[in-house]
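Quick caveat: nothing in here was measured; it's all calculated off a predicted structure.
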Amino acid sequence: DNTIYLYEEELTAGGIHRKYTLKDTIFQHVLQSKSQIKLAWDPVSHILYSTGQNNKIYLWDIETLKCKKIADGHRDMIMHMLVIKEKNFLASCSMDKSIILWGLENFTRKKTLL
């Protein structure tokens, strides 16, 4: 239905069972893409990274549900994203055969690998 659902998790019954409560939604039209959304999650900063066919990466603050930043760097559709906390990077790879390493502190491009 073109929607990203955000749930809050809470442990119940001594931590054995989990209960998920719908917190809110982010509609896909905000992402300006009509197919194949990819997501990456940073549990420390509570930032959700999303992308679609428009070659951009969106940074979502889950607490406010606001888009904090839009990053543009790939020339073709982004195929995958991965948060690498140990190195403080988000890695994205694209159909343009490039991998971009983005710094998580200010989300600037740190390195492009071809």
Side-chain angles (χ1 to χ4, degrees):
D1 66 357
N2 297 335
T3 305
I4 299 170
Y5 293 91
L6 305 175
Y7 291 89
E8 289 183 312
E9 177 184 62
E10 59 183 86
L11 298 177
T12 58
I16 297 171
H17 298 90
R18 290 190 166 114
K19 176 183 173 186
Y20 296 94
T21 307
L22 182 63
K23 178 178 179 180
D24 214 324
T25 58
I26 298 174
F27 294 99
Q28 185 175 350
H29 71 272
V30 175
L31 304 177
Q32 300 175 6
S33 177
K34 297 205 183 237
S35 66
Q36 296 189 359
I37 294 176
K38 287 90 177 170
L39 302 172
W41 170 246
D42 182 349
V44 175
S45 65
H46 294 235
I47 297 293
L48 177 69
Y49 302 92
S50 68
T51 187
Q53 281 189 324
N54 64 358
N55 313 338
K56 298 180 187 327
I57 299 173
Y58 298 82
L59 286 73
W60 296 94
D61 183 325
I62 295 304
E63 299 303 319
T64 64
L65 299 177
K66 302 281 185 209
C67 182
K68 293 178 68 171
K69 189 168 185 176
I70 300 172
D72 193 1
H74 287 288
R75 295 181 313 269
D76 205 342
M77 184 170 68
I78 298 168
M79 298 304 295
H80 191 68
M81 296 181 298
L82 176 67
V83 174
I84 307 169
K85 263 328 249 190
E86 300 79 27
K87 300 291 183 180
N88 210 27
F89 285 131
L90 174 85
S92 60
C93 63
S94 168
M95 292 285 289
D96 65 10
K97 300 181 181 174
S98 69
I99 298 171
I100 298 179
L101 300 177
W102 306 88
L104 294 180
E105 66 281 348
N106 56 10
F107 210 69
T108 57
R109 184 191 313 212
K110 297 293 184 184
K111 191 169 195 176
T112 302
L113 309 170
L114 299 173

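Contact between Asn106 and Thr108 at its shortest, heavy atoms only, is OD1-OG1, 3.0 Å. Closest approach of Leu101 to Ala91, counting heavy atoms only: CD2-CB, 3.7 Å. The two residues Met77 and Asn55 come nearest to each other via the heavy atoms N-OD1, 3.0 Å. Residues Ser92 and Ile78 come closest through the heavy atom pair CB-CG2, 4.2 Å.
The main-chain N or O of Leu104 is never found under 3.5 Å from a side-chain atom of Lys110 such that the two would form a donor-acceptor pair. Looking only at distances, a side-chain donor or acceptor of Ser94 sits under 3.5 Å from a matching main-chain atom of Asp76. Between the side chain of Thr51 and the backbone N or O of Lys56 there is at least one donor-acceptor pair closer than 3.5 Å.
For NZ of Lys85, the number of neighbouring non-hydrogen atoms (other residues, nucleotides, ligands) closer than 6.0 Å is greater than 12. Taking a 6.0 Å sphere around CZ of Arg109, one finds it holds more than 12 heavy atoms contributed by other residues, nucleotides or ligands.
Side-chain contact between Tyr49 and Asp42 is present, with at least one heavy-atom pair separated by less than 4.5 Å. Side chains of Leu90 and Ile57 form a contact here, defined as non-hydrogen atoms less than 4.5 Å apart. Using a 4.5 Å heavy-atom threshold, the side chains of Tyr58 and Lys69 count as separate. A 4.5 Å side-chain heavy-atom check between Lys38 and His80 finds every atom pair outside the cut-off.
Atom CD1 of Ile99 sits about 8.5 Å away from atom NE2 of His74, to the nearest 0.5 Å. The distance from atom CG of Asp61 to atom NE2 of His46, rounded to the nearest 0.5 Å, is 9.5 Å. The distance from the CH2 atom of Trp60 to the NZ atom of Lys68 is 13.0 Å, given to the nearest 0.5 Å.
Leu39 and Ile70 fall within the same hydrophobic cluster, defined by Ile, Leu, Val, Met, Phe, Trp and Tyr side-chain heavy atoms under 4.5 Å apart, directly or through other members.
The aromatic rings of Phe107 and Trp102 lie parallel to each other, with less than 30° between the two planes, well short of the 60° mark.
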